[in-house]
Amino acid sequence: RQLAEVNDPVWWIDMLPWELFSEGFGLQTPMLTGQLKVPRYYPLFQRCFDITKRLISEQHVLTDQMHEQVQAATTCHDLWNAMQRDF
């Protein structure tokens, strides 16, 4: 395995269910694309979204208002609106 930075735009696959590997897990397949929720991977979305919100709070300087908005976010759009930039 190649070493990677924690903030690389990838999801670590160590904790994913074995069934995904045995079915030929695709490392480049998105969970969410626009309005399409990919049926195979979208069940993992909430777990990954919660991790993303936690990492934003830990690794970015946020105002109190931004922190509240990040924690209250329920969609990717809400999260982007809270940050007002790519992250």
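Computed from a predicted model, the values in this text were never measured in an experiment. FYI, side chains are in, hydrogens and waters are out, and symmetry mates aren't considered; it's all heavy atoms of this structure.
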*asked:* Applying side chain to side chain donor-acceptor pair (under 3.5 Å), can you list everything that pairs with Gln71, at least two apart in sequence or on another chain?
replied: Ser57

*Residues in side chain to side chain donor-acceptor pair (under 3.5 Å) with Asp86, at least two apart?*
Trp80

In Å, rounded to the nearest 0.5 Å, how long is the span from [atom1] of [X] to [atom2] of [Y]?
X     : Y     : atom1 : atom2 : value
Thr75 : Phe45 : OG1   : CZ    : 7.5 Å
Gln69 : Asn81 : CD    : CG    : 8.0 Å
Gln46 : Ile51 : CD    : CD1   : 10.5 Å

Residues forming a side chain to side chain contact (heavy atoms under 4.5 Å, CB included) with [X], sequence neighbours excluded:
X     : value
His60 : Ile56, Leu62, Met83, Arg85, Phe87
Ala73 : Phe49, Lys53, Asp78, Leu79
Thr63 : Gln65, Met66

_Pairs touching residues 54-73 that satisfy salt bridge (Lys or Arg N to Asp or Glu O under 4.0 Å), sequence neighbours left out_ = Arg54-Glu58

*Mind listing the closest non-hydrogen atom pair of Pro43 and Val38 along with its distance?*
CD-O, 4.4 Å

*Does the side chain of Cys48 come within less than 4.5 Å of Tyr41's, by heavy atoms?*
no

*Would you call Leu36 and Leu32 a side-chain contact if the rule is heavy atoms closer than 4.5 Å?*
no

